Amino acid sequence: MICFLCFHDHYCMSSNYCICLQTASELKVFAVPRRNVLSTLLSASTVLLLGPRQITLAETTGGAFREYIDTFDGYSFIYPKGWIQVKGAGADIFFRDPVLLDVNMSVDISSPSSSTYKTVEDLGPPEKAAEGVLKQYLTEFMSTRLGVRRESNVLSASSKVADDGKLYYEVEVNIKSYASNNELAVMPKDRVQSLEWDRRYLTVLGVENNQLYALRLQTPERLLSEEEGDLRRVMDSFRVNKIQA
């Protein structure tokens with residue numbers, strides 16, 4: 001199966017998070033304490049030099065968010081200060097809530113050797129890009145278990161021009177997974193499927209450096225009202241940046 005992000009034939013089948021396996025990279029950041037008060041003004045920053053890679057962590061006033069800037073790969077975003085990095089997860093970077101493990105985010109980047117993107121519009125209109133995003137998620141969640149059924153819907157697909165003057169696509173999908181706890185039963189009435197998880201997936205797509213960047217967030221639907229404010233702030237903050245030679 002070909003990944004629509006990197007056009008390589010491998011994918012993740014994890015049930016806890018979905019990430020393209022093409023762009024695993026070295027460790028960049030470390031665990032941070034829990035967040036407290038919301039604010040948007042920067043008060044402190046740290047620069048980490050890892051060979052040719054420069055990572056900047058800027059802490060917001062009040063400690064609610066940190067800004068993550070990767071000048072080597074060319075992207076930046078803010079994330080809740082209490083989230084921790086998952087090491088070796090396979091994405092370029094991966095953070096999650098240390099308590100609510102199904103609330104998480106990652107960034108994937110298409111392979112620089114096989115990417116020729118000029119604009120996110122190369123994916124087609126937002127609605128077509130959303131179909132590709134949903135297909136990718138469903139591919140990553142393919143299961144060999146008997147009695148598993150998935151329901152999925154594209155909830156929204158839109159475009160926006162951010163304050164950096166670049167065009168981004170935003171895609172929102174819902175996926176539900178149903179499974180039977182007695183899939184080997186002979187009688188159909190004994191193979192009743194029940195909901196095992198119901199999740200919202202939020203994706204931001206951008207293009208720079210001839211590469212496709214995807215910020216991917218997820219949360220259980222039951223936690224959406226509680227987590228939505230933070231997740232949408234992360235989405236709104238995502239930027240792709242020109243890599244300096």
Side-chain angles (χ1 to χ4, degrees), residues 1-14 16-25 28 68-70 72-79 83 85-86 89-96 103-141 152 154-160 162 164 166-175 199-219 231-243:
M1 188 70 64
I2 301 299
C3 170
F4 99 101
L5 290 177
C6 66
F7 299 101
H8 285 72
D9 56 351
H10 37 239
Y11 53 86
C12 173
M13 296 173 62
S14 166
N16 290 325
Y17 50 80
C18 47
I19 42 184
C20 174
L21 299 180
Q22 171 63 24
T23 54
S25 61
K28 302 190 188 103
Y68 182 93
I69 304 173
D70 187 334
F72 182 80
D73 288 314
Y75 64 88
S76 64
F77 57 86
I78 64 172
Y79 66 97
W83 288 19
Q85 183 195 3
V86 177
D92 198 69
I93 194 68
F94 188 100
F95 286 100
R96 72 182 180 195
V103 180
N104 55 56
M105 61 152 291
S106 65
V107 174
D108 293 329
I109 313 173
S110 63
S111 170
S113 62
S114 60
S115 298
T116 57
Y117 293 100
K118 299 302 180 184
T119 171
V120 73
E121 292 177 300
D122 290 343
L123 299 173
E127 294 77 14
K128 183 177 180 180
E131 293 174 2
V133 168
L134 180 57
K135 181 179 179 180
Q136 178 66 16
Y137 280 127
L138 293 175
T139 298
E140 292 168 355
F141 288 137
S152 60
V154 174
L155 302 179
S156 66
S158 61
S159 63
K160 71 172 185 180
D164 60 358
K166 297 172 185 173
L167 182 67
Y168 296 83
Y169 284 175
E170 295 185 348
V171 174
E172 196 165 332
V173 304
N174 169 262
I175 301 177
R199 297 180 187 146
R200 181 75 59 97
Y201 295 92
L202 309 168
T203 303
V204 182
L205 303 171
V207 167
E208 187 57 274
N209 308 303
N210 297 325
Q211 295 174 274
L212 176 65
Y213 294 75
L215 172 75
R216 314 209 297 178
L217 303 104
Q218 76 165 14
T219 181
L231 296 180
R232 297 204 183 278
R233 283 205 63 185
V234 176
M235 291 179 69
D236 290 341
S237 73
F238 185 60
R239 300 290 182 271
V240 295
N241 308 308
K242 191 72 175 177
I243 298 174

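For clarity, every value in this text was computed on a predicted model and none was experimentally measured.
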So Arg200 and Leu155, side-chain contact (heavy atoms from CB on, under 4.5 Å) or not? Walk me through it.
-> CA-CA 9 Å; Arg200 181 75 59 97; Leu155 302 179; 3.3 Å; yes

Determine, step by step, whether Leu167 and Ser159 satisfy the side-chain contact (heavy atoms from CB on, under 4.5 Å) criterion, reporting the C-alpha distance in whole Å, the side-chain angles of both residues, the deciding distance to 0.1 Å, and the verdict.
-> CA-CA 7 Å; Leu167 182 67; Ser159 63; 3.9 Å; yes

Take Thr219 and Leu231, measure what side-chain contact (heavy atoms from CB on, under 4.5 Å) needs, and give me the verdict at the end.
-> CA-CA 9 Å; Thr219 181; Leu231 296 180; 3.6 Å; yes

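Ion pairing between a basic and an acidic side chain is recognised when a charged N comes within 4.0 Å of a carboxylate O; Glu170 and Arg232 show no such pairing.
With rounding to the nearest 0.5 Å, the separation of CD in Gln85 from CZ in Phe94 is 10.5 Å. To the nearest 0.5 Å, the span separating CG on Leu202 from CG on Asn174 amounts to 10.5 Å. Separating the OG1 atom in Thr203 from the CG atom in Asp108 is a distance of 9.5 Å, to the nearest 0.5 Å. Here the CG atom belonging to Asp73 is positioned 6.5 Å from the OH atom belonging to Tyr213, to the nearest 0.5 angstrom. Separation of atoms OH (Tyr75) and CD1 (Ile109) is listed at 5.0 Å; rounding is to 0.5 Å. Between the OH atom in Tyr137 and the CD1 atom in Ile175 there is a gap of 7.5 Å [rounded to 0.5 Å].
The side-chain contact (heavy atoms from CB on, under 4.5 Å) check on Asn241 picks up Ser76, Arg239, with sequence neighbours excluded.
Contact of the Leu123 side chain with the Tyr117 side chain is registered, since non-hydrogen atoms from C-beta on lie closer than 4.5 Å. Under the 4.5 Å side-chain criterion, counting only non-hydrogen atoms from C-beta, Leu217 is not in contact with Phe238. Side-chain contact between Val207 and Lys118: absent, with no pair of heavy atoms (C-beta onward) separated by less than 4.5 Å.
Applying side-chain contact (heavy atoms from CB on, under 4.5 Å) to Phe77 and the options Val107, Asp236, Asp70 leaves one that passes, Val107.
Taking the six-membered ring where the residue is Trp, Tyr79 and Phe95 present parallel rings, their angle staying beneath 30° rather than reaching 60°.
In this structure, the side chain of Ser110 does not engage the main chain of Ser115 through any donor-acceptor pair within 3.5 Å. Side-chain N or O atoms of Asn209 include none that pairs as donor or acceptor with a backbone N or O of Gln211 at under 3.5 Å. Put simply, the side chain of Lys166 never gets that close to the backbone of Gly206: no donor and acceptor are under 3.5 Å apart.
Closest non-hydrogen pair, Ala129 versus Tyr169, comes out as CB-CD1, 3.7 Å. Considering all non-hydrogen atoms of both residues, Pro126 and Ala157 come closest at O-CB, 3.6 Å. Heavy-atom minimum distance, Met235 versus Lys160: O-NZ, 4.0 Å.
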